> 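A single structure is presented below for examination.
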Amino acid sequence: MQYNHKEAEEQVKAFWKANDVYKTTLDTSKPKYYVLDMFPYPSGAGLHVGHPLGYIASDIYSRYKRQNGFNVLHPMGYDAFGLPAEQYAIQTGVHPADSTATNIKQYRKQLDNIGFDYDWDREVQTCDPKYYKWTQWIFTQLFDHYYCTKAHKATPIAELVELFKTEGSHNVTAYGAEELIFENDEWNAMTAVEQSDILMNYRLAYRKESFVNWCEELGTVLANDEVKDGLSERGGYPVIKRPMLQWSLRVTAYAERLLEDLKSLEWSESLKAIQRNWIGKSSGAQIFFSIAESTDQIEVFTTRPDTIFGATYLVLAPEHDLVDKLTTEAQQADVEAYVAMAGAKSDIDRMADEKTVSGAFTGAYAQHPFTDEPIPIWISEYVLKDYGTGAIMAVPAEDQRDNRFALHFDLPIVEVLDKSKYPDAKIGDKVGTMINSDFLNGMKIKDAIKAAIKQIYDKGIGSTKRNYKLRDANYSRQRYWGEPFPIVYTDEGIPQTVPLSDLPVTLPPLEDFKPTAEGKSPLARIEGWLHTDHGSRETDTMPGFAGSSWYFLRYMDSENDAEFVSTEAVNYWQDVDLYIGGTEHAVGHLMYSRFWHKVLFDLGYVPTNEPFKKLINQGMIQGVIESIYLQKEKENGVNKFLCAGLAEAKGVEHYTAIPIHIDFVTDYGSQHSHINLDGIKKFLDWRPEYNNAIFECSKGTYQNGTFTPKSEASDSQLITHSEVGKMSKSKYNVINPDEIIAQYGADCFRMYEMFLGPIEQSKPWDMNGIEGVSKFIKKFWSLFYVDNALVINDSPATKEQMAILHKTIKKVRKDIEGFSFNTCISAFMVAVNELKKASAVSKDVLVPLLQLLAPFAPFLSDHLWQQLGYNGSIHHSQYPIFDEQYLVTDSVVYPVCVNGKKRADLTTSPGQDNATLEQLARELEPMQKWLTESNVVKTIVVPNRMINFVVKGG
RNA sequence: GCCGAAGUGGUGGAAUUGGUAGACACGCUGGAUUCAAAAUCCAGUUCUUUCGAGAGUGCGGGUUCGAUUCCCGCCUUCGGUACCA
């Protein structure tokens, strides 16, 4: 009998369901282990072969942990709010809730097919009001707290209000956007609106007019991590900077903790590096420059205070608050024109113009703090509004950009470092000794930085300062399909949170999903929803990362309607022990989740400071994009396709690459990938607009159903262009796991994905090796069943067979712990090959082997487990334990080398001393031609490892 | 440019407290079985070779009895980031 995977899988699936095999309870008698997958956004394209790679790895690990006595939490859910469903709604009128529900059904079916051990009773969907009730509640907590820079934690905003009432702002230790100074009686005299505005400077969730990434095509604002190369991550539409009144999260308050706590995490070095770069800490000094004929000061941030004597001008960002105020009448026209020009640019234009020097002089002068010389104040795009203070002191001698600017506008350059000893030094290299710098002269840079800061501090014009690249996160989206804000504005416009008793604020029904003309969310049109007894609702919705920033906590207690998670549950499950997911979430999801978690930690709701202890990045499985070359100019009014080879020879600029379904292509992904006559016909059925096109191949041409060979060729082969790229619906290269599972079975699919290579590595999908895994499964089956009959029996196992088993147990256990699943599969293959050869039929060998395989092939193993008459599921059985006694051998084989090159083998009994080993090796027959009486210079014998003779003249 | 990861047969990959390079699999070649094919099984498969051996883990050096593994200098590919003061 052959293993019938279809029947077995159906039966085992039913068994799992009927017996709640994967139900997880809060069982404190066992140690907990929490394995998490990055939950998917349920897109219309369904799951492709790349998605499950990480899921399979975590599934294997969770099953391994369960069989080792852990109470394992391994849940799954859906990141169900998002732009694509809403874009789809705008195009088709299908409500996002409906399309999302349909997609989720599809995903669920596909996930079930692969045989994951998820406890589906704990499923979360971020678009479910029972879930987003708590997303909204966490938002109210962010709104109601500020970051105390003394206690280094989130603190109730009410405490801040109390302080303002009694002492004013003097002793405030709140992380805030602006330093505000007022007395308590001033505070008490303020209107409610004024007080509300002041508090907005401190709340962790706050509303502020700021320059945001506006995407016109999507009709919404985007967060920094949602913008790539000046284009929106979703859709690739242009993004411009635009001032808007928006909700933001004060993630910058946690910059230092987010950076510092990275050290405690078991994440890959590269992922930590990405987060470190994104946080972008740098230390230096803040320096205040006074302005001639003005009481205003310009604050700059610099990492090189040592170069202060080389500061020959200041530059402000065009959007800097002081620009208007400082600009002299004579310069007004110039400055206004420049500010307007800079403001109109999109991010992408800005990047393209990076090398162009531009700027305008304000006409105003600042005073150098040490020399008292007047130094001109300029504005330029190369200074960014939201980094540092939005203003710099320019040191053209030591900064490449300042240098270019100074040369372009003919501004003075003062050298401050003698680099004569370093002829190769470039601008900005930190070498040499200080010159032209008064009290710093002769110092090394390190000392000069300290000395300069001390002088600056003593003069009361500045101090040391740290700076971060990290920006506060834009939290408003002008869209429908997201969490509504739990915010109602009073008639005066003061935002107030909706109390927990009134949560969730649910999304109202809607039919027209287009944004309003003023760029507001479509919610703004729904009068009945908009107005409440307390005022009118916020019409923006929350961004995609809202729901995903805390979903892992909800799994711990997903049905709880009284709390976001019970104290009991969170104290037991604590945090995620293992998180597997893609690097694409390196700065978005993973940064925001850490931030939210820290806030919840500060508030005492969770017992851990970090949410994800260990994180593994699975590589991407890429697709092969196949395309054919269409000549840009029609020939006699007819479209013409050309062989890739011919087109590339003539120059691809004359051709458009049209991506085609990989199903049409023969040998896709290889150098010989091509479409034959059959493929061309399929292509024409699919794209009838090319019906009478000419296909020119090396062997002839095809048109309107006939092939005209150049010589005797009988078939045409239009060579296609292959490249590795994203697997995506739009590239027609999505490989659906369902088809592979139908053909080979889920276990084979799972093992093959693991067999492809290390889990972290990215690779294009190919089916070249799946036969090998399929053969393995058949062979494994044949250890148990031969000709329809169970051959496994109670006979004792041989020593050799036990050695094979225990060698495999040792290797598989070690490799699972090291997340090296590809080598586990190899080990199983080796074991089966060897056991077959050794004619193993004993239960003592085969049953432990079956249990060892269970995490990898959950269907096959449970099926055989039942066949063998065991009760319950194999997945609740104890994982085999390695026993050293079976690996004790009576002989040991030494490689015998000459000058490090192996020349012979020495088989001998273990435990011999080095002298004996050397003597035995010398006497080996093959060694005679290498060794003479006198040529051995040295002999190295490493016990149980190898024997090496060093010979001269060799 | 900066930061990070990686370069091993025709292919995916294995081997690192320095100790037999190429496990396991795909592909290919030959054989068995078959009327034939599929499937299955067996053997071979890094390259060169005067069949003694020699070379070989991106390139060039170094340390060592011995280097895929450690050190120095390059090259290439992929990922992140980019006027960040």
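Just so you know, these numbers come straight off a predicted model, no measurement behind them. Computation of the quantities below employed the complete heavy-atom set of this structure, encompassing side-chain atoms and omitting hydrogens, waters and symmetry-equivalent molecules.
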> Base, sugar-phosphate alone, or nothing: which one does A:T939 contact when heavy atoms must sit under 4.0 Å apart?
nothing
> Quantified in whole Å, what is the C1' atom distance between nucleotide B:U68 and nucleotide B:U16?
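Their C1' atoms lie roughly 8 Å apart.
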> Please give the distance between the C1' atoms of B:G62 and B:G52 as a whole number of Å.
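It comes out at 32 Å once rounded to the nearest Å.
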> Indicate, with a heavy-atom threshold strictly under 4.0 Å, whether A:F755 touches base, sugar-phosphate, or nothing.
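Touches a base.
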> Rounded off to whole Å, could you give me the CZ-to-P distance for the A:F780 and B:C24 pair?
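The distance from CZ of A:F780 to P of B:C24 comes to 19 Å, rounded to the nearest Å.
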> Going by ring-ring contact (aromatic ring centres under 6.0 Å, His included), name the residues that satisfy it together with A:Y592, two or more places apart in sequence or in a different chain.
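With sequence neighbours excluded, A:Y592 shows a ring-ring contact (aromatic ring centres under 6.0 Å, His included) to A:F545, given in chain and number order.
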> Checking all strands, does A:S270 fall into the base, sugar-phosphate, or nothing category for heavy-atom contacts under 4.0 angstrom?
sugar-phosphate
> May I ask you to list the residues of residues 827-838 of chain A, by number, that have any heavy atom positioned under 4.0 Å from an atom of RNA chain B?
A:M829, A:V830, A:N833
> CG of A:L590 to CG of A:L265: how many Å apart, nearest 0.5 Å?
10.0 Å
> Salt bridge check: are A:K778 and A:E771 linked by an N-O gap of less than 4.0 Å?
no
> A:S826 side chain: which of B:G19, B:C83, B:A23 is closest?
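When the side chain of A:S826 is considered, B:A23 is the closest of B:G19, B:C83, B:A23.
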> Stems in RNA chain B: runs of 3 or more consecutive Watson-Crick or G-U pairs, distances under 3.5 Å?
B:1-7 with B:75-81, B:10-12 with B:24-26, B:27-32 with B:40-45, B:46-48 with B:53-55, B:58-62 with B:70-74
> Could you verify whether a donor N or O on one side chain and an acceptor N or O on the other, from A:T583 and A:N617, lie under 3.5 Å apart?
no
> Would you call the rings of A:W765 and A:F749 parallel, tilted or perpendicular if under 30° counts as parallel and over 60° as perpendicular?
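Answer is tilted, since the angle falls between 30° and 60°.
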> Give me the distances for all protein-to-nucleotides 65-69 of chain B N/O pairs that come in under 3.5 Å?
{"residue": "B:C65", "atom": "O2", "partner": "A:N948", "partner atom": "ND2", "Å": "2.5"}

> Can you check whether any acceptor in the base of B:C84 is under 3.5 Å from a donor in the side chain of A:R401, or vice versa?
no
> Between A:R750 and A:E753 (salt bridge meaning N to carboxylate O under 4.0 Å), is one present in this structure?
no
> In residues 756-767 of chain A, which residues come under 4.0 Å of RNA chain B by heavy atom?
A:L756, A:P758, A:Q761
> Contact class for A:I274 vs. all strands (heavy atom < 4.0 Å): base, sugar-phosphate, or nothing?
sugar-phosphate
> Which pairs, protein N/O on one side and nucleotides 73-77 of chain B N/O on the other, fall under 3.5 Å?
none

> Show me the pairs that pass salt bridge (charged side-chain N to carboxylate O under 4.0 Å, His left out) and involve residues 817-831 of chain A, at least two apart or across chains.
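As it turns out, there is no salt bridge (charged side-chain N to carboxylate O under 4.0 Å, His left out) pair with a partner in residues 817-831 of chain A once direct neighbours are skipped.
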> With a 4.0 Å limit, can you tell me whether A:N277 has a side-chain N or O closer than that to the phosphate oxygens OP1/OP2 of B:G4?
no
> Quick check on B:G9: syn or anti? Syn means the glycosidic torsion is within 90 degrees of zero.
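Here the answer is syn: the torsion falls within 90° of 0.
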> Checking contacts here: which listed nucleotide (B:A85, B:G19, B:C3) is nearest the side-chain heavy atoms of A:A273?
B:C3
> Using the C1' atoms only, state how far B:U50 lies from B:U34, rounded to an integer number of Å.
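So the two C1' atoms sit 44 Å from each other.
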> Any base atoms under 4.0 Å from A:K775, or only sugar-phosphate, or nothing? Heavy atoms, all strands.
sugar-phosphate
> Distance check, rounded to the nearest 0.5 Å: A:K450 atom NZ versus A:T464 atom OG1?
12.5 Å
> Please tell me if A:T389 has a side-chain N or O lying less than 4.0 Å from either OP1 or OP2 of B:A85.
no
> Work out how far the C1' atom of B:A25 is from that of B:G79, and round it to whole angstrom.
28 Å
> Nearest of B:A85, B:G4, B:C84 to any side-chain atom of A:R471?
B:C84
> Taking side chain to side chain donor-acceptor pair (under 3.5 Å) as the definition, give me every residue that meets it alongside A:Q618, ordered by chain and number, with sequence neighbours left out.
none
> With rounding to the closest Å, how many angstrom separate the P atoms on B:C74 and B:U20?
31 Å
> When the C1' atoms of B:A21 and B:U76 are considered, how many whole Å apart are they?
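Result for the C1' pair: 23 Å, nearest Å.
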> 5'-most contact on RNA chain B: A:I392 or A:E771, nearest heavy atom basis?
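First, find each residue's nearest nucleotide; the 5'-ward one identifies A:E771.
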> Measuring only the P atom in each nucleotide, how far is B:G44 from B:C26? A whole number of Å is fine.
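Straight-line distance between the two P atoms is 15 Å.
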> Reckon A:V773 touches a base, only the sugar-phosphate, or nothing at all at heavy-atom distances under 4.0 Å?
nothing
> Name the residue closer to the 5' end of RNA chain B, choosing between A:T583 and A:G388 according to the nucleotide with the nearest heavy atom.
A:T583
> What integer number of Å spans the C1' atoms of B:U57 and B:U8?
4 Å
> Testing A:V315, A:L322, A:T362, A:L314 for side-chain contact (heavy atoms from CB on, under 4.5 Å) with A:I379, which one passes?
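Result for side-chain contact (heavy atoms from CB on, under 4.5 Å) with A:I379: A:T362.
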> A:F405: what forms a ring-ring contact (aromatic ring centres under 6.0 Å, His included) with it, not counting sequence neighbours?
A:Y313, A:W378, A:Y382, A:F409
> Charged N to carboxylate O below 4.0 Å: is that the case for A:E299 and A:K465?
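A salt bridge is present here (some side-chain N lies under 4.0 Å from a carboxylate O).
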> Should A:K281 and A:E256 count as an ion pair when the cut-off is N to O under 4.0 Å?
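Result for this pair is yes, salt bridge flagged.
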> Which residues satisfy the side chain to side chain donor-acceptor pair (under 3.5 Å) test with A:K837, sequence neighbours excluded?
none
> Would you call the rings of A:F856 and A:F821 parallel, tilted or perpendicular, taking 30° and 60° as the class edges?
perpendicular
> Do A:R594 and A:W278 meet the cation-pi criteria used here (NZ or CZ under 6.0 Å from the six-membered ring centre, within 45° of the axis)?
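No, A:R594 and A:W278 do not form such a contact.
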> Could you pull out all residues at least two apart from A:F949 that satisfy ring-ring contact (aromatic ring centres under 6.0 Å, His included)?
none
> Tell me, please, which residues at least two apart from A:F309 pass ring-ring contact (aromatic ring centres under 6.0 Å, His included).
A:H368, A:F370, A:F439
> Using O4'-C1'-N9-C4 for purines and O4'-C1'-N1-C2 for pyrimidines, with syn meaning within 90° of 0, is B:G56 syn or anti?
anti
> Determine the contact category for A:T303: base if any of its heavy atoms lies under 4.0 Å from a base atom, sugar-phosphate if only primed atoms, P, OP1 or OP2 are that close, otherwise nothing.
sugar-phosphate
> Please work out if A:K779 contacts a base, only the sugar-phosphate, or nothing of the nucleic acid, heavy-atom cut-off 4.0 Å.
sugar-phosphate
> Heavy atoms under 4.0 Å, any strand shown: does A:R903 hit a base, just sugar-phosphate, or nothing?
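It contacts sugar-phosphate atoms only.
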> Could you grab the distance from atom CD1 of A:I274 to atom OG of A:S268, nearest 0.5 Å is fine?
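The OG atom of A:S268 is 7.0 Å from CD1 of A:I274, to the nearest 0.5 Å.
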